[in-house]
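Heads up, the thing below is written out as structure tokens.
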Amino acid sequence: MKKKALIFGVTGQDGAYLSKLLLKKKYKVHGVKRRSSSLNTQRIDDFYLDPHQKTNFYLHYGDLSDSLSVLKIIEKVKPDEIYNLGAQSHVGVSFDVPEYTSNVTALGTLRILDSIRNLKMEKKVRYYQAGTSEMFGASKPPQSEKTNFYPRSPYAAAKLYSHWITINYREAYNIFACNGILFNHESPLRGETFVTRKIVIALCKILLGSSEKLYLGNLYSKRDWGHAEDYVLAMWKILQKNKPSDYVISSDKQYSVKYFVNLVCKELGIKIVWKGIGIKEKGFWNKKNIISIDRKYFRPTEVESLLGNSKKARKELNWKPKHNIKSLVKDMVNSEIKNLKSSRI
Ligand code: NAP
Ligand code: F7E
């Protein structure tokens with residue numbers, strides 16, 4: 001019998017890559033999508049067929065802020081594995097909508113775990129929780145499973161709740177529940193307002209002449225960036241172990257936002273020249289100012305430096321990423337140029 005997976009957050013970046021992986025592994029994949037006024041299935045349209053055709057991919061309407069919808073979907077699908085990737089996942093936005101972020105990103109996790117318990121599915125279901133390096137926040141790098149947490153945003157605080165409630169339900173009710181503590185991972189499917197995709201889109205447009213300028217916030221924060229395709233494989237591997245545990249997933253390398261900009265410029269053949277400091281720092285191309293700083297992109301509390309130590313995952317899961325920062329940038333740039341050229345046609 002085919003294994004059944006249920007993915008909350010199926011319409012997001014990771015949901016799309018994970019669905020693809022699980023379909024390749026011959027799972028029946030069920031995804032939860034929330035109602036939105038415009039279509040939100042672009043990332044999964046490749047494999048989302050008309051439900052009247054024969055398919056292994058199914059969508060259900062539901063919402064992490066609605067306990068009953070969560071319970072009913074789990075009861076109906078009876079999954080072997082649940083991946084909770086659903087969240088209000090933008091750190092900057094979480095300062096604007098802290099209560100909503102906590103409801104979905106923290107309590108949403110409780111709603112799933114408590115449904116598993118109420119439905120007496122503790123022994124049947126394996127649960128994956130999408131944890132984040134943001135929970136380390138201000139803790140000194142490198143960060144591993146043993147590093148103390150120090151969240152610096154409503155998003156990170158909500159994810160920290162999810163981390164501990166996942167461990168609590170594992171210990172209290174013997175649920176096979178695991179936390180993946182994933183560092184930043186990007187791809188051509190990354191949301192357009194996260195810094196890597198924002199940079200790629202803007203610089204491609206500038207090169208093709210359909211935009212003039214890119215505004216950014218803190219150029220000097222450092223991140224450990226990987227490719228989403230590698231990271232969803234780690235999620236699956238975490239649920240295939242004999243015992244539930246928590247794992248850091250990272251590239252173990254760190255670069256600044258400015259370095260990422262420089263890499264994208266290099267890939268596009270844009271010779272960028274930086275002048276000025278602080279809020280007045282600017283990037284020039286052919287003497288034209290194409291990058292400036294806008295204070296509105298600074299956060300009330302910033303996470304300055306994230307760098308993972310993924311030794312445990314590499315040893316116990318036999319996981320290692322195929323991509324590096326250069327192949328990630330190449331993939332994102334090539335895909336964006338293709339998108340922009342085809343949208344022109
Ligand atoms: P994403 O692209 O923002 O996707 C988030 C998903 O959650 C989307 O499908 C979204 O639906 C859904 N969602 C939002 N609110 C919901 C609600 N109330 N009910 C049900 N679903 C809801 O995020 P991602 O980059 O794929 O990341 C996946 C997960 O990993 C998230 O939990 C994120 O916080 C976490 N994470 C991400 C990274 C990273 O670097 N990407 C690193 C560590 C952890 P819509 O499509 O309708 O918006
Ligand atoms: O910011 C700086 C910003 O929004 C990265 C989410 O997936 O990864 C993501 O969170 C850095 C920050 O990602 C702009 O201040 C500068 O220091 O791309 P980001 P994030 O905040 O690291 C973690 C692991 C998650 O779990 C989250 O869900 O870039 N930055 N200028 C900017 N950031 C944005 N968004 N926009 C700018 O213009």
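Counting starts at 1 for both ligands and their atoms, in listed order. For reference, positions follow the sequence shown, starting with 1.
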Which of the atoms of ligand 2 are close to [X], meaning less than 4.0 Å from one of its heavy atoms?
X: Lys198; result: 37 (C), 38 (O)
X: Ser133; result: 24 (C)
X: Gly217; result: 14 (C), 16 (C), 31 (N), 38 (O)

At under 4.0 Å between heavy atoms, which part of [X] makes contact with ligand 2: side chain, backbone, both or neither?
X: Ser221; result: side chain
X: Thr193; result: backbone
X: Lys159; result: neither
X: Val91; result: side chain

Nearest-option assignment for [atom], heavy atoms, candidates [options]:
atom: atom 7 (O) of ligand 2; options: Glu186, Arg190, His90; value: Arg190
atom: atom 19 (P) of ligand 2; options: Met135, Arg299, Arg197, Glu302; value: Arg299
atom: atom 5 (C) of ligand 1; options: Ala87, Ser187, Ala130; value: Ala87

> Counting heavy atoms only, which part of Gln13 comes closer than 4.0 Å to ligand 1: side chain, backbone, both or neither?
Replying inline: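 Near ligand 1, Gln13 shows its backbone as well as its side chain.
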> Any ion pair linking Glu302 and Arg223 (charged N to carboxylate O, less than 4.0 Å)?
Replying inline: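 The answer is yes: the pair qualifies as a salt bridge.
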Sub-4.0 Å heavy-atom contact, [X] with ligand 1:
X: Val32; value: no
X: Lys159; value: yes
X: Gly131; value: yes
X: Lys33; value: no
X: Tyr100; value: yes
X: Tyr155; value: yes

> Centroid-to-centroid, Tyr231 to Trp319, below 6.0 Å?
Replying inline: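 Yes: the rings meet the under 6.0 Å criterion.
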> Taking the six-membered ring for Trp, are the ring centroids of Tyr255 and Trp225 within less than 6.0 Å of each other?
Replying inline: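 Between Tyr255 and Trp225, the centre distance exceeds or equals 6.0 Å.
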>> If we only consider heavy atoms of Tyr155, is any one of them less than 4.0 Å away from an atom in ligand 2?
In response: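 Judged by the 4.0 Å heavy-atom criterion, Tyr155 does count as contacting ligand 2.
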> Strictly under 4.0 Å, does any heavy atom of Gly92 approach an atom of ligand 2?
Replying inline: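 No, Gly92 has no heavy atoms under 4.0 Å from ligand 2.
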>> Looking at every non-hydrogen atom in both residues, tell me the closest pair between Lys237 and Leu317 and how far apart they are.
In response: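 Taking every non-hydrogen atom into account, NZ-O, 3.1 Å.
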>> Within the 4.0 Å heavy-atom shell around Val104, which atoms of ligand 1 are there?
In response: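 Those atoms are 15 (N), 16 (C), 17 (C), 18 (N).
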>> Show me which atoms of ligand 1 lie under 4.0 Å from any heavy atom of Asn184.
In response: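 Every atom of ligand 1 under 4.0 Å from some heavy atom of Asn184: 40 (O).
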> Can Tyr155 and His90 be said to form a ring-ring contact (aromatic ring centres under 6.0 Å, His included), step by step?
Replying inline: CA-CA 7 Å; Tyr155 166 77; His90 200 285; 9.0 Å; no
>> Using the rule given for side-chain hydrogen bond (donor to acceptor under 3.5 Å, both in side chains), can you reason through Ser139 versus Asn148, listing the C-alpha separation, both sets of side-chain angles and the distance that settles it, and then say yes or no?
In response: CA-CA 7 Å; Ser139 292; Asn148 288 335; over 6 Å; no
> So which heavy atom in the protein is nearest atom 23 (O) of ligand 1, and how far is it from that ligand atom?
Replying inline: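 Among all protein heavy atoms, the one nearest atom 23 (O) of ligand 1 is Ser89 OG, 3.6 Å.
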>> Among all protein heavy atoms in this structure, tell me which lies nearest to atom 18 (O) of ligand 2, with the distance rounded to 0.1 Å.
In response: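 Of every protein heavy atom, Val195 N, 2.8 Å lies nearest to atom 18 (O) of ligand 2.
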> Does Lys282 reach the main-chain N or O of Val273 with its side chain, forming a donor-acceptor pair under 3.5 Å?
Replying inline: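 Between the backbone of Val273 and the side chain of Lys282 there is no qualifying donor-acceptor contact (under 3.5 Å).
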> Once the angle between the rings of Phe136 and Phe149 is folded into 0 to 90°, is it parallel (under 30°), tilted (30 to 60°) or perpendicular (over 60°)?
Replying inline: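 It falls in the parallel class, under 30°.
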> Roughly how far, to the nearest 0.5 Å, is CD of Glu229 from CG of Leu189?
Replying inline: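 Rounded to the nearest 0.5 Å, the CG-CD separation comes out at 9.5 Å.
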